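This is the structure I have questions about; it appears just below.
Letters go in sequence order (proteins before strands), and every chain restarts at 1. Small disclaimer: the values here were computed from a predicted structure and weren't measured.
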Amino acid sequence: MSQTTDLSWHQNVEENGRQPPLSLQDVHVSYRTRKGSVQAVRGVTLDLHAGESLALIGESGSGKTTLGLGIVRLLVDTAEVSPGKIIYRRDGREVDVLSLADGPMREFRWRDCAMVFQSALNAFNPVLKIWDQVWDTAKAHRWNNREEVRERFLDLLRFVQLDPSRVIDAYAHELSGGMRQRTLLAISLLLDPQILILDEPTTALDILTQRTIIDLLRKLKEDLHFTMLFISHDLAIAAELADRVATMYAGQVVELGPVEDIFYRPRHPYSLGLIRAVPTVTGGFEELSSIPGSPPDLINLPTGCKFHPRCPYASERCSSEEPKLERVGDNHFAACWHTDAVQDDIERNGLRGKKRS
Amino acid sequence: MTPILELRNVTRYFGSGRDRVTAVDSISLDIEPGEIVCLVGESGCGKSTTGRMIVGLLPPSDGQILYQGQDIAAMDKADYQQYRRAVQIIHQDPYASLNPTQTVRQMIMTPLLRHQSQRSAQNGSGGGRRSRRRDAERRAAELLEIVDLTPVAEFLDKYPHQLSGGQRQRVSVARALTVEPKFIVADEAVSMVDVSIRVSLLNMLSRLKEEFDVTFLFITHDLALAKYFAWEGRITVMYLGRIVEEGPTPRLITDSRHPYTQALLGAVPEADPELAKKKTHIELRSAEIPSLLNLPAGCTFHPRCPYIAEGECDTMVPPLERISEGGSVACPVRMSEPTQLI
Amino acid sequence: MATAADVANVSTRRTTSFHSIVSAIWGSYFFRKFLRALATIFIVTTIIFFLVRLLPGNPIEIYVNQLVVTYGMPVHEAKDQAAALFAIDLEQPVILQYFSYLQNLAQGNFGQSVLSPGTTVTEVILRFLPWTLFSVGTGLLISFSVGVLLGVIMAYRRDSFLDHGFTVVSSIVSSVPDFLIGLLIVVWLGVQWKILPIAAMRGAYSSGMVPGLNFEFFLDALFHGALPISTYVLTSIGFWMLSMKSNTISTLGEDYVTIAKARGLKEWRITTAYVGRNAILPLFTILTIRIGFVVGGSLLVEQIFEYGGIGRMLGQAINQRDYTIMQGIFLIITFSVIFANFFADVLYGWLDPRIKLQDNEG
Amino acid sequence: MAAQAIAGEQTDSILVSAWKGFRTGVRLLAYNRVGFIGFLVVIFMVLLSYVGPLLIELDTKTKIDKIYITPTIEHPLGTDHQGRDIWSQIVNGGRDVIYVAFLAALISTVIAVVFGTMSGFIGGWIDSAIMSVTDIILTIPQFPLLAVLAAFISLNSLTFLGILMGLLNWPTLLRALRAQALSLKQRDFIEAARALDLGVWHIVLREMVPNMMPYIVVSFALGMTFAVYQQAGLVFLGLVPISAGNWSVMIQLAWVRGAIFYKDSVWYIMAPIVAIAILQLSIISMTRSLELVFNPRLRASE
């Protein structure tokens, strides 16, 4: 596709290769509520490397969405991000996003770090045409050449396989859910951001629409080497699109590694539990099992390892001492006292459940 | 054996005049007692409307629904009541399906007491109000145990907002069981529940099928779930109000014939990186689903179908025809072509 | 692989039918609103006619009796006179009277004053209605725009001193009936503290002024209208403030506002085009209901300030039991409310691009 | 074993559970400070108007030497143009106001609840019919209508006045309640109740109405404030020939007799205005707490 080659204006992996464009250092986020402080994110340290796609997976309440919104500082007023640092690097300069003043923060958003949200259904101002919202975005970043912006946006719409004439002067309610999500994706590329955060980009879409979005994202990843952070509760999105995966549980990253390691050699019982709980379409019938219990109360977290009340390998140590992320392989880390037991389990019983034909 | 439930050319419209939408277009379906049938399709395909018509929450605009061989529209009051209770529904949204003003105890006891008194009135056996209440209490406790809400005493006096999504769905199931249903429509019953506990809900439902001889119609958009839940049953695929393919689950998953089914199967993201890379997808001619207000002529899938036979697909509504491998397909063009997904 | 051309092909076909549907509904939306307004006018007219004719103690009979008993007029003559006043023919059956009444109404003939025969109701209306429209309209306009503005500020400065202060003051002011606010103005500003020349402010304009389109007259009208207008503003502004505040707060929680922030838009643009515009939309439907309240309130408020509007005339007519004037003025007040509602509805349909479709669904 | 556990829970007698409910109610009432103060003031006003007259007799004696005196210990709010005690008039003048407002609000709320729920729940042509009538009545300015009606029919009984206002004031409330019923009807738990064949009465009374309670009580309170406004207005226009002491009548007399233009009469004119204002304000404030008390989620969580 010829029009895709000029989509990325300054994406140069070599140049930025040394240093990850985004580093989270011991990030904590808590919400004040009447019942107490909700500890949504507790000490996340992660690097997002240039040109890679990293998936944050976890269930509701694991803190993944809070973390995503925290990076662009769009959390509600009751949220507090501290302690911790969010370091952003571009062209050799380095800033802590959390300490940016309002003006620079506003510029950081979308130009450096754009975000595609889960609920594309409600992503657009219902009383403004799509084009007005695109033009708003460009103007806010001092890009005042109307013709240029329009040309660029038309290119992007073609890239996401939408009919530009149909979309550009439409109101959001005139577009289907899939079209809105693709439009939002097109707008997210408008300023050629260095980082793209995608929060549940395919949730609530139909399967065939999901597939077109996944294929588009794969094109962004493979052809254009966009640096992307996926946030999803859906393991399949990670399997389809990620280079690396971070599993989150109760506000912490409990396992981090290349996608094959996480899916075929998980070392954290929670990652293994998730894999064993999710069915695949292709292949024969496999016995599945779910993780017992329910996610923890974020106001009154369990002591020690937060997963121990639901963990089949839990020992006394787990209820008193909290494990840290430790290296369990090349670039593969897990926060568990019993990584060996997990490994044994997989060797003995196989990764997934029994097969039936 | 008479099917427990039979749909004959059931059609449902919404709206009128120019705004009329055909949500379900003349579908026929037989479900045998003890069977598990999955109704699969994307949003707007009419699967939920079908489910609600089966439960009697929505009358069909045309066609008949038969329960144990009897047309529900022609039933007398007693039969209709019996049918009404025999067919129950589990809703999708665990936050909307329970009344926030009632405790679990109230939600389960109300139908128990109401229908128990009617039963005993029929049998002529009375029993005091008190003993009836005690019976109902005992039954309520049993039901909660059946759906794994134990220890029971801990859950009885809880309000819905004090329960997790999974627990709420269990209460919904227990509530449906109060009337000893023969047939349960599970409308996306697990899709809003966390991934890690979905399977235990599904396993619980499968157990009900074994223990209580309940027949299931499982409505879902997720083919992987359908495959898991109905491996020994059947899958029926709907597209824009019509059934396009149905058959025994293993056949439908491994050897689907309708291009739409194939597109769906290929499109499902797989939670396995290698599988995800290897899998082939059918490329559709259009990514957009047509509007229900303005359905294409002929096969409704033809504007998107890569195998379109001009002059045929865009004029004739393809009939659902049996195939020797099991089930039936509504695509004369492709029905004899086996598929390979990997 | 779906090429752009295919997509375009499919979607243009959809677009044309889509547009034709939208335009058809666009047409019918106003048409239906207009029909509904007409129907309402018709029904209200009918109700009032039959109330006057059929209720026990119907005013026409009373009037006829009075003429016969007090002045010894022959029944026939008395009936003729009553018929002239009420602009109907009393010799006809009631249902035919009703039609001739409608016919007269359509020609602008509301009959004549019972107490001062010779003065037509239409004259009275034409003389006094403009002043009520002027004062009520100005009051509503000011309270709506200022209230909306303050509401947005309160939402943005939630829980600040300003927010609490405005909330307390506006709840107090809006819980006091409007005519009592008027009374308080007269008592305190006029009588106790003598800040305002209450007596000089009576009427719709100063005697000696010639009504006309000039600045001097406008200032004079404003001077006389100032007190009723202030009363309307005071009593309705709290409602707009609190509604706008809660709408703004809920709009601030919408995804598209979060996304507008994520796109790096300037705060001002978000506040006006994303938050403000969407938060104000539902208020237009409420406006249609509130117009009726304010116009109804003019009946009492105009008494207090002795303002020369239609409300005061209605009050007088009620007191003197001048039935034709009562009936005519009441109808006119209702008509103007219905017209204002229609206008507010149209405005809403024009401001909200979704309305054409929503109307279709609802 | 489980059954025993249940039986054990059943020991609460009706009295105990009523007491528990009452305690929960009070706690929720006190949750919102403004609302709670409003609630207390409403109670005070009701007591003042219904118990007060037993203690303080209405002063009807004309005392030429005591016209328009400022407050003293003997006359806490001063005296009127005939030297009668204003405080006694205030104490004795609330009963009618509250009675009529209560009656009117009761009638309009009942109409609104019954027809609003029906309209929303049944839908179809019944809904269209009810809503057409409602929309039409809503466009007629209610106070002028009431005034014109009052001029045609002479209103000489308070009860009749209350009923008339009740019959006219329901449209706004009905609309709000219908919207509630509509959204509730589509909730899955109502469908589940239908599937369980629990009957229409059970569904409306046990499933829907408890969820609508916050709106119903707020509607009732707002209905009372409408009615207070309207009756004060009608009395002010001289359309309700009620002579007994009544806050609205006090205002009307002050107006008709020109008392408001006397510098000395400020206590006389202010007392009933303030009384009405306090009543309105406290009713409106009280709704904040009532909303909480009847909010199913908050109530249930206690």
Practice problem: State the CD1-CG distance between C:I318 and D:L239, to the nearest 0.5 angstrom. | Solution: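 Spacing of CD1 (C:I318) from CG (D:L239) equals 5.5 Å.
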
Quiz item: Side chain, backbone, both or neither: which part of C:I172 has a heavy atom under 4.5 Å from chain D?
Solution: both

Quiz item: Based on non-hydrogen pairs under 4.5 Å, which of C:L300, C:I291, C:T40, C:L314 is most in contact with chain D?
Solution: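 Looking at each option in turn, the highest pair count goes to C:L300.
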
Quiz item: Just wondering, more than 12 heavy atoms not from C:F335 lying within 6.0 Å of its CZ?
Solution: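 Enclosed.
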
Practice problem: Verify the neighbour count for atom CZ of D:R178: are there more than 12 heavy atoms of other residues, nucleotides or ligands below 6.0 Å? | Solution: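 Buried by this count: over 12 neighbours within 6.0 Å.
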
Quiz item: Quick one: of C:Q192, C:M326, C:R36, who has the most non-hydrogen atom pairs under 4.5 Å with chain D?
Solution: C:Q192

Quiz item: Taking the side chain as C-beta and beyond, is there a heavy-atom pair between C:I304 and D:F236 under 4.5 Å?
Solution: yes

Quiz item: Between D:L146, D:V148, D:V34, which shows the greatest number of heavy-atom pairs under 4.5 Å with chain C?
Solution: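 Most pairs with chain C among the choices: D:V148.
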
Self-check item: Nearest atoms (heavy-atom pairs only) where D:M270 meets C:W188
Solution: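 Of all heavy-atom pairs spanning D:M270 and C:W188, the closest is SD-NE1, 3.2 Å.
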
Self-check item: Closest non-hydrogen atom pair between D:P144 and C:L299, with its separation
Solution: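 Shortest heavy-atom contact: CA-CD2, 3.9 Å.
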
Quiz item: Checking heavy atoms, do the side chain of D:L145, its backbone, both or neither come under 4.5 Å from chain C?
Solution: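 Both backbone and side chain.
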
Self-check item: Residues in residues 128-143 of chain D near chain C [non-hydrogen atoms, under 4.5 Å]
Solution: D:D135, D:I136, D:L138, D:T139, D:I140, D:P141, D:F143

Quiz prompt | Residue among C:L180, C:L51, C:V176, C:I43 with most heavy-atom pairs under 4.5 Å to chain D | solution = C:L180

Practice problem: Return yes when atom CZ of C:F339 has more than 12 non-hydrogen atoms of other residues, nucleotides or ligands closer than 6.0 Å, and no otherwise. | Solution: no

Exercise. Count the heavy atoms belonging to other residues, nucleotides or ligands that lie under 6.0 Å from OH of D:Y215, then report whether that count exceeds 12.
Key: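 For D:Y215, atom OH is not crowded (no more than 12 foreign heavy atoms under 6.0 Å).
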
Quiz item: Checking heavy atoms, do the side chain of C:F293, its backbone, both or neither come under 4.5 Å from chain D?
Solution: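 Contact with chain D is through the side chain of C:F293 alone.
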
Exercise. Using non-hydrogen atoms and a 4.5 Å limit, figure out which bit of C:T167 sits close to chain D: side chain, backbone, both or neither.
Key: side chain

Exercise. Using a cut-off of under 4.5 Å on heavy-atom pairs, state which of C:V295, C:L184, C:V168 scores highest against chain D.
Key: C:L184

Practice problem: For the pair C:F179 and D:Y229, name the ring-plane relationship: parallel under 30°, tilted 30 to 60°, perpendicular over 60°. | Solution: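 Judged by the thresholds at 30° and 60°, the geometry between C:F179 and D:Y229 is perpendicular.
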
Quiz prompt | Contact winner vs chain D - C:I329, C:D178, C:I198, C:I47, heavy-atom pairs under 4.5 Å | solution =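 It is C:D178.
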
Practice problem: Report, by ascending residue number, the residues of residues 275-283 of chain D in heavy-atom contact with chain C at a distance under 4.5 Å; give 'none' if the set is empty. | Solution: D:I276, D:A277, D:Q280, D:L281

Quiz item: Between C:I41, C:V187, C:V294, C:I48, which has the largest tally of heavy atom pairs under 4.5 Å with chain D?
Solution: C:V187

Quiz prompt | Options D:A254, D:S265, D:A232, ranked by heavy-atom pairs under 4.5 Å with chain C, top entry | solution = D:A232

Quiz item: Taking everything shown except D:W267 itself, do over 12 heavy atoms lie less than 6.0 Å from its CH2?
Solution: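 No, because the 6.0 Å sphere around CH2 of D:W267 holds 12 heavy atoms or fewer from other groups.
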
Quiz item: About how many Å separate CD1 of D:I273 and CG of C:L183, when rounded to the nearest 0.5 Å?
Solution: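 With rounding to 0.5 Å, CG (C:L183) is 4.5 Å from CD1 (D:I273).
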
